[in-house]
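Values below: all heavy atoms of this structure, side chains included; hydrogens, waters and symmetry mates excluded. None of the values given here were measured: they were computed from a predicted structure. Residue numbers begin at 1 in each chain, while the letters A, B, ... track the order of the sequences.
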There are 4 protein chains.
Amino acid sequence: MTSPRGSLRRSERSRRAILDATRALVAEHGYAKVGIEAIAARAGVGKQTIYRWWPSKGAVVLDAVRALSENGEGQLALPDTGDLEGDLKQVLRATAAEFADPTFDALIRGLTTELAHDLGLAAAYAEHTAELEEAKRQRLRSGQRAGQLSPDADLDIVLDLLFAPLFRRWLLRTGPLTPDYADTLVEAALRAFAPPEPVTAS
Amino acid sequence: MTSPRGSLRRSERSRRAILDATRALVAEHGYAKVGIEAIAARAGVGKQTIYRWWPSKGAVVLDAVRALSENGEGQLALPDTGDLEGDLKQVLRATAAEFADPTFDALIRGLTTELAHDLGLAAAYAEHTAELEEAKRQRLRSGQRAGQLSPDADLDIVLDLLFAPLFRRWLLRTGPLTPDYADTLVEAALRAFAPPEPVTAS
Amino acid sequence: MTSPRGSLRRSERSRRAILDATRALVAEHGYAKVGIEAIAARAGVGKQTIYRWWPSKGAVVLDAVRALSENGEGQLALPDTGDLEGDLKQVLRATAAEFADPTFDALIRGLTTELAHDLGLAAAYAEHTAELEEAKRQRLRSGQRAGQLSPDADLDIVLDLLFAPLFRRWLLRTGPLTPDYADTLVEAALRAFAPPEPVTAS
Amino acid sequence: MTSPRGSLRRSERSRRAILDATRALVAEHGYAKVGIEAIAARAGVGKQTIYRWWPSKGAVVLDAVRALSENGEGQLALPDTGDLEGDLKQVLRATAAEFADPTFDALIRGLTTELAHDLGLAAAYAEHTAELEEAKRQRLRSGQRAGQLSPDADLDIVLDLLFAPLFRRWLLRTGPLTPDYADTLVEAALRAFAPPEPVTAS
DNA sequence: TTTTAACCGAGACGGTACGTCATGTCTTCTT
DNA sequence: AAGAAGACATGACGTACCGTCTCGGTTAAAA
């Protein structure tokens, strides 16, 4: 069901032009220096067409980000080789790599700072990331079942330990997002929630 | 002799009025809706007096935050009762509590999102927090010496594990900043960097 | 078909409000103390609406003056009773009287001093007054044909002699603009360009 | 008696620097674009030193003009060769030539437009020009005694006829200030106030 | 000779207006 | 009905000057 949302007459052409222009402009000038007028001008679109379909610049950018991820849909299953540590390292390294892409960085950085102030936008973003979050939790659960993670572990806390340091370091630029850093975080988090030592028969 | 820096004639009166007005306005209306003009008007000051001494709104807010901490100077020693876990829990709970104060939240939230975009401001902020960061590291080192933390532990990583989840949860409002959450983070981080089991004589 | 010039959508409402506000404010406070912001505020109009259509305050005032004259259009024919001296006295007296009106004085005084510095504005003003100037020249030509003025007279010089003294006295306030003064100027100018004495048969 | 006016301690050095800077800046950028701050900066003088001795920019410019004329003092006697027409032509040509000097033009143009709005300044200027005006009147009186001008002629009106057209043409740039134009004005004015035809004995 | 106070340069201050820019709403005409 | 275009009222931006004010430093008169 790929029917148009919200209207029977919405121009797909304009929608794409707006999101493309947004991506390009934010990459070029940074989130803060891009305004609705500039987007409209670059997209060759009337301002009203933007205001009609999005409530704020943040919402446009959110959709621009969404559109990026929607190229290959449904790839939401995380790797599950049976090796939790290896799989998580791969995921965190990939996340760190994403942040290194200037276009993605500019988009997601602006969006993130907007989320901090706009509750509605934050909710919309949460909806967008819910699936991915669930996939992460699933992978942890799978590891738990495989005895690679304590059965008592609160998976949300594990996720926090894994991703929050990465997020903070990226957002505030307090350090480089190296693969090593990703690995270190995974090792620390898994150590914190290691399964209990099996009692070995002596 | 801490003679006036940068000018021989800067008005202390105006400086304080500006920082006070900034705090009040950001608390009332939120960072984004406060402009230089409003600050100047509320402070009873010409706009140029702000532009003369600060390069951006972010810089003013940074100073407003700085001024908050400078009331009681030099209180930078963190508690060191000998109980690392207990001391850290106290610190994280206190940090969480700070974020609960609406005025401080509004100020620091706006400032933080500005840091994400303004490298110069981020550097200035880093300078401001350097002392506190060092104090935290000191406390961890002290715990290390007391055998409450692995001698191999990278203290910056420990700090990341402790504070980044709190930071992220606060900034993106993805969960409540309860004392329990603070405690959980401390326990997890210490577990991740627990000292090696002493070999017990059998 | 005098369809809208320069734009398809200019607001006549705003235009009139701006010119009215300009007239009122200049009359109240004098040309120099009136700014674009004040005009916009009084007119209930955005500043940009002024900047969009006029290049300078002087241009706005010029249009405000223009609008005054355009109430009754096409009344440009000067009196021509056959008595050149009488007609000119009437015109100069009327001109002097105009300058006595405080609103008109304030507008035209500010405009005039602007003309002295702004070549473009001077050109625009010249265009505005061209018709009137031509009408004056016509009346002189008519007098010339009637033998009341030397056939050799350079009409522009005659106009200078008639109006420049009035202009200077008004602008610099070096004397009162009485009807007597107007009459004196007319008499002097006509004496300077009197037709040659007819050769009387002796 | 060239004692300092208004104060026993006024710095002649600063006074000259201010007037020189004023002349230079007005010549370079035009009257309107020169401000007190710029003059002070160029003169290497504190703003207060200007505000202490002059009430307005116009007053400074007036003094700058005054200083120009005071180089060779007392040259106020107009030529009196016995030939009124020739002498007046010389004076008007000289006046026209003065206006052609860009520095003088810029200064006097700005000053003149200021006079139109500032009564106090106009009075001060009148005082400055009083001597010259009187000299002009004297020359006319001398011509009157020599029978080159009607005994009834109102000399102020004659002066108006002579100089107002020149003034207006210069201020509003409605035509070139050629020697021919000067001559034409002199001839016209003298024709208007020619002495009565002597009754020739038949 | 020493005081002392006006004058000086410098420039920060509270203000006002500038001319530009972007906002979000609106109207008009086109598709 | 939706879109491109862009005028509109609004209001913040950062700059430029205004005229006033303080700050040391420097003179030249008075003591």
Side-chain angles (χ1 to χ4, degrees), chain A residues 4 7-11 13-15 17-18 32-41 43-57, chain B residues 4 6-15 17 32-41 43-53 55-57, chain C residues 4 7-15 17 33-41 43-53 55-57, chain D residues 4 7-11 13-15 17 33-41 43-57:
Chain A
S7 165
L8 295 170
R9 300 261 218 106
R10 177 166 190 182
S11 159
R13 184 179 211 292
S14 295
R15 189 184 147 271
I18 288 164
K33 296 194 176 176
V34 173
I36 298 287
E37 290 202 322
I39 294 173
V45 138
K47 284 200 289 178
Q48 201 58 273
T49 303
I50 299 182
Y51 284 112
R52 191 162 14 239
W53 301 110
W54 288 277
S56 67
K57 180 173 65 158
Chain B
S7 164
L8 295 170
R9 265 194 284 292
R10 178 166 186 181
S11 161
E12 180 60 17
R13 184 180 213 293
S14 295
R15 190 184 145 270
K33 295 195 177 175
V34 173
I36 298 285
E37 284 199 326
I39 295 172
V45 138
K47 280 200 285 179
Q48 203 57 44
T49 301
I50 299 182
Y51 285 112
R52 191 160 21 236
W53 302 110
S56 67
K57 181 173 63 158
Chain C
S7 166
L8 294 170
R9 264 194 285 294
R10 178 166 187 181
S11 160
E12 180 60 17
R13 184 180 212 292
S14 295
R15 189 184 145 273
K33 296 195 175 174
V34 172
I36 298 286
E37 285 200 326
I39 294 173
V45 138
K47 281 200 287 180
Q48 204 56 43
T49 302
I50 299 182
Y51 285 112
R52 192 160 18 237
W53 302 111
S56 67
K57 181 173 63 157
Chain D
S7 164
L8 297 170
R9 303 259 220 108
R10 178 166 188 181
S11 159
R13 185 180 211 293
S14 295
R15 189 182 145 272
K33 295 194 176 175
V34 173
I36 297 286
E37 289 201 324
I39 293 172
V45 139
K47 283 201 286 178
Q48 201 57 268
T49 301
I50 299 181
Y51 284 112
R52 194 164 12 241
W53 303 110
W54 289 276
S56 69
K57 180 172 66 158

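- In this structure, B:Arg10 atom CZ and E:dG14 atom P are separated by 11 Å, rounded to whole Å.
- In this view, C:Ala43 and C:Ala17, C:Ile18, C:Ala21, C:Val45 satisfy the side-chain contact (heavy atoms from CB on, under 4.5 Å) rule, not counting sequence neighbours.
- Taking both residues in full, the closest heavy atoms of D:Ser11 and D:Ser14 are given as OG-N, 3.0 Å, listed atom of the first, atom of the second, then distance.
- Taking atom CD on A:Gln48 and atom P on E:dT28, their separation rounds to 14 Å, with Å as the unit.
- Between B:Lys33 atom NZ and E:dG24 atom P there is a gap of 11 Å when expressed in whole angstrom units.
- Taking for each of B:Val34 and A:Gly44 the nucleotide of DNA chain F with the nearest heavy atom, the 5'-most of the two is the partner of A:Gly44.
- Nearer to the 5' terminus of DNA chain E, by closest-nucleotide assignment, is the contact made by D:Arg52 (compared with the other of A:Ser56 and D:Arg52).
- The nearest whole Å value for the distance from the CD1 atom in A:Ile39 to the P atom in E:dG24 is 11 Å.
- Between A:Trp53 and the phosphate of F:dG3, there is a side-chain N or O to OP1/OP2 separation shorter than 4.0 Å.
- Taking the centre and axis of the six-membered ring of C:Trp53, the NZ or CZ atom of C:Arg9 falls outside the cone set by 45° and 6.0 Å.
- Using a 4.0 Å cut-off, no side-chain N or O of B:Ser14 falls inside it from OP1 or OP2 of E:dA12.
- One atom, NZ of B:Lys47, and another, P of F:dC18, lie 18 Å apart when rounded to the nearest Å.
- Rounded to a whole Å, the CD atom of D:Glu37 is 14 Å from the C1' atom of F:dC21.
- Of the candidates F:dA7, F:dA12, E:dC13, F:dA7 carries the atom nearest the C:Arg9 side chain, counting heavy atoms from C-beta on.
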For D:Ile50 and D:Lys47, what are the C-alpha separation, side-chain angles and deciding distance, and is it a side-chain contact (heavy atoms from CB on, under 4.5 Å)? CA-CA 5 Å; D:Ile50 299 181; D:Lys47 283 201 286 178; 5.9 Å; no

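- Comparing E:dC8, F:dC8, F:dA9 by their closest approach to the side chain of C:Val45 singles out F:dA9.
- Distance from the side chain of C:Thr49 is smallest to F:dC8 among F:dC8, E:dG11, E:dG19.
- Distance OH (A:Tyr51) to P (F:dA4): 15 Å, rounded to an integer number of Å.
- When the P atom of E:dT16 is taken as reference, atom CD1 of B:Ile50 falls 15 Å away, rounded to whole Å.
- Listed here is the closest heavy atom pair of D:Lys57 and D:Val34: NZ-O, 2.9 Å.
- Counting only heavy atoms from C-beta on, B:Ile36 has its side chain closest to F:dC13 among F:dG3, F:dC13, E:dG24.
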